[in-house]
4 protein chains.
Amino acid sequence: MSVIKQSDSKLYVIQKNNGSLRDILKDMYVHVRAFSEKIAEPLEPEDFVVQSMPDVSPAKWHLAHTSWFFETFILAENDKNYKPFDEKFSFLFNSYYVQVGDRWFRPNRGLLSRPTVKEVFEYRRFVDEQMANFFEIANDETIEKFRVPLEIGFNHEQQHQELMITDIKHVFSINPLYPVYKSFEDDISRDLPKQNWVPLDEGVYEFGQRGDSFFYDNEKPVHKQFIHGFAVSSLPVTNGEYLAFMNDDGYTRTELWLSNGIAAVEENGWNAPLYWHKIDGEWYSYTLGGLKKINPNEPVTHISYYEADAYARWADARLLSEFEWELVSKNFEIEGNFVDNERFHVLPLTKDENKSVSRLFGDTWEWTKSDYAAYPGYRIPPGAIGEYNGKFMSGQYVLRGGSCATSADHIRRTYRNFFAPASRWQFSGIRLAKDLR
Amino acid sequence: MSVIKQSDSKLYVIQKNNGSLRDILKDMYVHVRAFSEKIAEPLEPEDFVVQSMPDVSPAKWHLAHTSWFFETFILAENDKNYKPFDEKFSFLFNSYYVQVGDRWFRPNRGLLSRPTVKEVFEYRRFVDEQMANFFEIANDETIEKFRVPLEIGFNHEQQHQELMITDIKHVFSINPLYPVYKSFEDDISRDLPKQNWVPLDEGVYEFGQRGDSFFYDNEKPVHKQFIHGFAVSSLPVTNGEYLAFMNDDGYTRTELWLSNGIAAVEENGWNAPLYWHKIDGEWYSYTLGGLKKINPNEPVTHISYYEADAYARWADARLLSEFEWELVSKNFEIEGNFVDNERFHVLPLTKDENKSVSRLFGDTWEWTKSDYAAYPGYRIPPGAIGEYNGKFMSGQYVLRGGSCATSADHIRRTYRNFFAPASRWQFSGIRLAKDLR
Amino acid sequence: MSVIKQSDSKLYVIQKNNGSLRDILKDMYVHVRAFSEKIAEPLEPEDFVVQSMPDVSPAKWHLAHTSWFFETFILAENDKNYKPFDEKFSFLFNSYYVQVGDRWFRPNRGLLSRPTVKEVFEYRRFVDEQMANFFEIANDETIEKFRVPLEIGFNHEQQHQELMITDIKHVFSINPLYPVYKSFEDDISRDLPKQNWVPLDEGVYEFGQRGDSFFYDNEKPVHKQFIHGFAVSSLPVTNGEYLAFMNDDGYTRTELWLSNGIAAVEENGWNAPLYWHKIDGEWYSYTLGGLKKINPNEPVTHISYYEADAYARWADARLLSEFEWELVSKNFEIEGNFVDNERFHVLPLTKDENKSVSRLFGDTWEWTKSDYAAYPGYRIPPGAIGEYNGKFMSGQYVLRGGSCATSADHIRRTYRNFFAPASRWQFSGIRLAKDLR
Amino acid sequence: MSVIKQSDSKLYVIQKNNGSLRDILKDMYVHVRAFSEKIAEPLEPEDFVVQSMPDVSPAKWHLAHTSWFFETFILAENDKNYKPFDEKFSFLFNSYYVQVGDRWFRPNRGLLSRPTVKEVFEYRRFVDEQMANFFEIANDETIEKFRVPLEIGFNHEQQHQELMITDIKHVFSINPLYPVYKSFEDDISRDLPKQNWVPLDEGVYEFGQRGDSFFYDNEKPVHKQFIHGFAVSSLPVTNGEYLAFMNDDGYTRTELWLSNGIAAVEENGWNAPLYWHKIDGEWYSYTLGGLKKINPNEPVTHISYYEADAYARWADARLLSEFEWELVSKNFEIEGNFVDNERFHVLPLTKDENKSVSRLFGDTWEWTKSDYAAYPGYRIPPGAIGEYNGKFMSGQYVLRGGSCATSADHIRRTYRNFFAPASRWQFSGIRLAKDLR
């Protein structure tokens with residue numbers, strides 16, 4: 001198990017290889033599509049069907065929906081006579097693109113036994129062949145025209161790869177047989193490094209993304225924010241620290257919680273992170289490697305925003321704003337425990353990691369205190385692709401940095417992930433800050 | 001497609017063969033178990049997983065639960081050292097036997113991808129081998145002792161075979177791809193026979209079952225009821241007749257409905273039987289043979305009690321009581337379109353069927369106006385097996401006669417099926433009566 | 001506090017006085033209307049507004065609705081030019097008469113601050129004056145024509161008087177200030193009489209009502225039932241006996257309960273009758289006389305059907321059918337602790353009451369095991385008045401005998417009250433029977 | 001009807017009068033308390049009881065709760081032997097102060113008929129007398145010590161005065177009798193002024209409150225924000241403009257809405273602002289002066305955040321951030337149509353109002369695009385009073401400027417009101433901005 005550097009990751013290597021745009025896009029396509037199927041390998045046909053809660057989609061839905069994306073936004077867009085694999089798939093595998101037509105009701109995705117997994121893979125084959133053909137016969141102008149939709153398609157499929165992993169984890173987690181998706185090595189003997197507080201100066205800084213390489217519309221426009229002086233913790237919060245919060249009655253001391261947070265605790269009966277089980281007085285956690293004893297040196301994960309916020313208050317600290325996070329990140333290379341490791345789980349901290357800010361990227365997304373909102377000057381792009389980000393800018397919080405289920409070549413310093421504050425099934429954890437005033 | 005006579009059915013033939021009790025029970029076991037797997041043959045692995053509504057169980061659950069029954073009430077009961085196939089299966093595949101231990105929450109049966117279908121079939125093989133061994137080595141006293149639990153086990157598995165069929169139908173029905181389970185021939189050209197009203201005299205009659213052959217506890221004790229004179233319709237209500245009710249605003253004329261009935265209509269948006277779809281102005285129905293045009297000569301089915309009751313009021317008639325139904329049935333042989341036909345659908349009426357009371361058995365269960373209650377003198381049997389019937393005696397109505405999903409050797413004149421008045425996913429239809437006063 | 005004989009009750013005296021039909025009906029009208037207002041006397045204006053659960057109606061709604069009944073079915077029916085007090089009241093104070101027009105959504109009755117109590121009383125005055133005028137100027141033929149609707153109106157208002165009492169009790173009961181509606185004397189020192197089992201012979205008997213005096217359509221037609229021999233308990237079940245059931249883990253032993261019953265127990269958290277509170281280890285009950293210690297010699301009341309059924313199973317007995325109850329009642333005079341006593345609570349049993357069957361009438365309604373269904377030959381009467389009873393014949397159980405909130409002149413041996421099996425806010429208790437076979 | 005200047009308002013005059021701190025606080029107390037009762041004057045006793053939705057509290061609850069506040073945080077705090085008016089009132093009239101003890105479940109406030117209105121006024125009298133006594137006998141140090149809690153108490157009661165008005169409006173609005181609380185003059189003939197766009201420069205500005213006079217903790221600390229250049233609309237959006245949005249299919253064009261917004265539209269069936277009714281093809285609105293035809297020149301109000309956001313997108317503009325709003329407000333005096341006018345409704349715009357930014361204060365709160373969050377450096381104060389603001393900082397949006405139900409002496413340029421984005425029962429409307437880039 002080693003740290004993955006983004007600059008060594010597959011898509012970055014492809015892009016550096018100085019191929020034609022056509023070749024680069026084709027190679028990226030092949031690479032991204034293959035990884036979705038790699039994720040599916042350990043699954044039995046039955047595992048592809050289940051939707052264990054409304055947020056979860058069945059694995060075969062992910063595999064089909066990502067194919068539908070290329071079929072709809074590349075193949076059908078490019079060829080008005082394109083004949084889809086199955087007319088009904090557009091209805092079944094559209095997700096939230098209202099402007100593209102009616103959709104199958106999301107919480108009912110687990111009610112569909114057909115198409116079978118075999119048929120979904122045939123669908124993928126069909127789309128892959130059509131896409132191969134597209135890359136072969138399209139003229140350069142067409143390739144250029146579809147460059148952005150293709151890049152969105154790659155990034156979209158990578159996002160669904162992350163969701164496939166977290167969704168399978170949820171499906172397996174509720175099963176009393178605790179299936180193992182893929183085993184991993186654990187080491188719980190290491191000493192915990194001590195956290196440092198790293199200060200940053202107040203000032204007006206620029207945030208957001210511009211330039212040629214791909215990024216999402218929600219990362220722009222580049223704009224300014226005034227940042228007050230603050231200090232960031234060198235390390236993410238660990239299971240061991242979180243257990244201290246739990247043992248200090250963290251889940252029942254209402255003064256530590258937001259009003260909506262304590263309501264969520266009571267409504268859902270939360271008393272620990274998602275997937276934690278107390279068995280004979282000891283805490284265990286369901287992982288994709290099976291049920292394991294809690295490792296105190298791992299970054300805590302599967303935490304809601306509310307829990308992150310309450311923990312921070314208990315620790316006499318606070319979460320970072322998304323801008324503070326981005327500011328910190330500018331000093332560090334993008335590297336970490338990404339899905340490329342195929343560990344599908346966080347890595348324990350090691351003794352010597354407290355030299356500077358560690359684990360910003362990979363392992364577990366970090367909740368920020370920023371609600372997910374438009375940047376100054378942002379406008380929703382027109383058309384169906386415009387539904388990708390802007391319409392979700394209400395009632396959610398921003399997470400930064402990627403996780404052990406994120407591709408190394410998918411993340412950016414400016415990347416804004418977002419989830420509702422009660423969500424816990426993503427790999428989501430805590431980084432602390434303090435005011436310097 | 002022909003009428004099945006109960007006396008020719010497999011279990012009756014086995015019982016007539018004058019084998020030893022051991023041989024009879026063993027042959028019955030083999031026969032019943034085999035038919036469950038026959039029902040499963042047309043299914044893909046994914047079809048075994050889905051629970052399309054709380055009343056439905058996944059096919060693999062049925063296959064495992066029926067095996068659990070023999071494991072629990074025969075194998076473990078007979079051998080205190082019996083080692084079950086998997087300890088956790090008892091939790092997963094218990095249904096409602098509170099006295100046997102905790103159960104997996106029923107509406108969540110569709111959330112389990114594991115055990116896989118393959119593992120469930122291995123479970124069945126394991127139990128079948130153990131049972132074969134039991135039949136071989138048990139002494140005669142043991143065989144005698146387990147005779148009743150075994151017979152309950154056979155009848156229990158037959159009930160789950162019927163549920164497997166109706167559950168698969170529901171799972172397939174909500175899928176926009178309308179999968180075909182098994183094709184059948186249809187003939188919509190026949191003339192509809194005219195219904196007659198057959199009178200029966202008032203008097204005190206005996207009802208219920210006694211004797212040596214198997215029957216459920218809810219059919220006893222034999223007791224008396226006073227029956228007022230009434231007339232029974234010679235034919236079940238057909239799709240054509242039901243369409244006339246629909247076209248006469250049957251679903252919106254509140255004066256035709258019970259208060260709870262019209263509430264169910266409004267809450268569920270009912271405007272036709274379950275599985276009916278209006279497509280381009282024509283009525284179709286999803287069947288296990290696929291989506292078909294409505295055949296007006298078929299007995300109407302997939303009707304709730306409330307719809308049956310409202311239809312009867314519209315037709316200036318009423319439903320029979322379960323006692324009236326049983327009284328009528330005494331004059332007729334047990335024969336009809338049972339699951340043994342493997343048609344999995346009702347048969348259209350034929351022109352010459354109105355000579356006497358027709359289609360009492362098979363095709364579609366007939367709702368009676370009787371709430372499901374204990375017979376005078378009935379007592380719930382002790383122990384877990386006592387949970388089979390008695391505790392459900394509230395809030396349900398009795399249906400009589402079996403359906404095209406019932407085994408010919410499973411039904412009796414005294415057989416009391418029961419469902420909540422809003423249930424529609426069973427093959428359930430209408431037989432009318434009139435008062436003679 | 002004394003036993004009220006029906007033959008001495010006000011309406012019976014009026015009817016015996018040999019006045020003209022006009023005078024009898026007018027006197028009955030005045031008497032019935034006055035009692036509604038008597039019930040309202042102890043209330044503050046705020047008490048008339050609250051709807052503490054969907055089944056409860058605010059007191060001012062009852063007072064207005066009963067006036068609306070006379071306005072709609074007598075005054076407007078008699079005079080096509082009748083100008084109602086307020087056009088909108090028809091919408092606000094219609095209850096369930098679908099055929100009379102739209103209705104205010106029942107669970108929202110407590111959301112109406114207007115009309116005020118004062119305005120509702122003005123409405124009553126207005127209707128009373130119009131009715132006085134009607135009685136004065138209508139010719140004999142008109143009086144005769146409206147005799148039945150008038151009698152329904154009187155009985156309807158008496159039913160709402162009972163509901164006003166039970167609804168006020170519920171409204172007050174949930175208030176931590178435990179308001180006193182009217183104090184009553186209690187005596188908890190008496191010895192409990194011992195219950196006897198009184199046998200009745202099997203046979204065919206006639207049930208239901210016929211003849212000239214008023215009765216509801218659901219009590220007819222007179223018809224026959226075969227009754228098997230049984231024994232009835234001489235006494236209703238007491239608080240003391242019910243406490244023994246509670247102390248014997250009655251609420252958690254699933255084998256004692258119907259499946260729907262234990263589900264209701266769990267869903268509602270029942271562990272005692274409605275209105276019981278355990279305070280410092282002692283059981284208290286909220287009564288219209290305030291919070292009181294449980295008196296073990298009182299008939300238990302505010303019990304659901306499910307609890308009555310479970311208690312009976314625990315006591316190795318069963319509930320009576322409604323026919324058995326009616327058969328028993330034929331041997332006894334109609335007398336008891338009715339609302340005419342203005343105690344508004346059950347009376348403790350006295351030592352010498354076990355000579356024969358006691359307390360059949362008054363005190364607390366007795367749940368029977370009979371679902372509320374049409375008698376053989378029953379047909380729903382046409383028109384709006386037909387909505388009174390027939391459409392509720394599903395999902396409810398019959399109660400017999402009246403309670404301490406029922407008028408002595410309202411009850412009959414054939415009177416069929418009915419409530420859903422989970423209802424507890426009526427005065428409803430338990431009478432036991434045993435099979436003699 | 002005239003514009004109210006904050007500097008002329010009662011509490012400002014009291015504070016300017018140079019009395020002793022004791023006298024100032026006493027006079028403020030008397031003034032604030034009296035206005036609560038003035039608001040109650042037009043109500044009938046029944047009107048004080050109803051809770052028409054969970055967000056609404058009955059008027060008598062507001063009157064009692066504000067008294068409980070002084071009893072709890074002044075009287076009991078000052079005198080350890082203080083004997084409250086009624087021990088149970090603490091349970092009934094606590095709102096959300098978890099640290100002060102258990103509370104009556106909020107959505108059940110409308111289920112309490114007792115204490116009566118009369119008793120609640122007795123409670124107020126009692127507290128007022130105790131407070132009068134406090135002001136008389138407390139030494140200067142005590143007065144100084146309680147200065148902040150007293151000021152919170154005054155502001156708290158003013159907030160509840162605003163809620164009383166909006167809650168009564170909701171209670172009356174759902175009543176088909178449309179009661180009139182207080183009539184007002186309307187004038188729908190005026191010409192609509194044309195809106196201007198007023199530009200503001202980019203820069204780093206300071207926001208928030210400091211200093212001696214009262215303000216809430218959520219307004220501090222004073223801190224900096226970078227503001228990009230923008231233009232603000234001179235006028236709030238009017239009913240006429242909003243109607244144009246409605247007539248342009250504003251409520252059904254999904255591309256105009258946030259995802260949560262269109263879900264709220266569908267779930268609640270919104271097709272117009274709250275209180276609007278289409279009658280015979282014309283739009284009416286329920287006001288505290290009764291049902292009125294829509295006046296196109298009034299500022300639109302009773303709008304959710306989602307509707308404000310969708311309207312802004314339709315108008316090719318956006319909402320202001322709360323900081324932009326505060327920046328704009330610095331150039332204008334605090335004056336407007338406040339509750340001191342006792343109009344209880346917005347005022348139509350007049351022809352000559354477009355000279356500069358108009359109606360920032362009063363009439364209707366203006367939704368900003370800022371989620372309600374802590375200012376940089378904010379910390380929740382310790383103790384029960386700390387529960388006032390900080391714990392609600394999630395899932396809500398900030399509104400600025402006050403309304404026709406706000407006291408002129410209650411509002412500040414830095415005042416942050418906040419409600420959930422689907423809330424509509426407050427006077428809440430729209431101010432637009434545009435980016436200058």
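Throughout, a chain's letter reflects where its sequence line sits, starting with A, and its residues are numbered from 1. Computed from a prediction, not measured in an experiment: that's the story for all the values here.
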### Pairs of heavy atoms under 4.5 Å with chain B: top-ranked of A/Leu92, A/Val171, A/Leu43, A/Val50
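Result: the option with the highest number of such pairs is A/Val50.
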
### Message
Taking every non-hydrogen pair under 4.5 Å, which of A/Pro176, A/Pro179, A/Pro115, A/Gly110 racks up the most with chain B?
### Response
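Maximum pair count with chain B is reached by A/Pro176.
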
### Query
Checking heavy atoms, do the side chain of A/Phe91, its backbone, both or neither come under 4.5 Å from chain B?
side chain

### Task
Please say whether the positively charged group of B/Arg424, taken as NZ for Lys or CZ for Arg, lies over the ring of B/Trp270, i.e. under 6.0 angstrom from the six-membered ring centre and within 45 degrees of the axis.
yes

### Message
Both conditions, 6.0 Å and 45 degrees, for the charged tip of B/Lys60 above the ring of B/Tyr123: are they met here?
### Response
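Relative to the ring axis of B/Tyr123, which defines the angle, B/Lys60 lies outside at least one limit.
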
### Contact origin within B/Val117 toward chain A - heavy atom pairs under 4.5 Å
both

### Query
Would A/Phe69 and A/His156 count as a close aromatic pair, with their ring centres under 6.0 Å?
yes

### Task
Can you measure from CZ (A/Arg103) to CG (A/Asn94) and round to the nearest 0.5 angstrom?
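The distance works out to 6.5 Å.
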
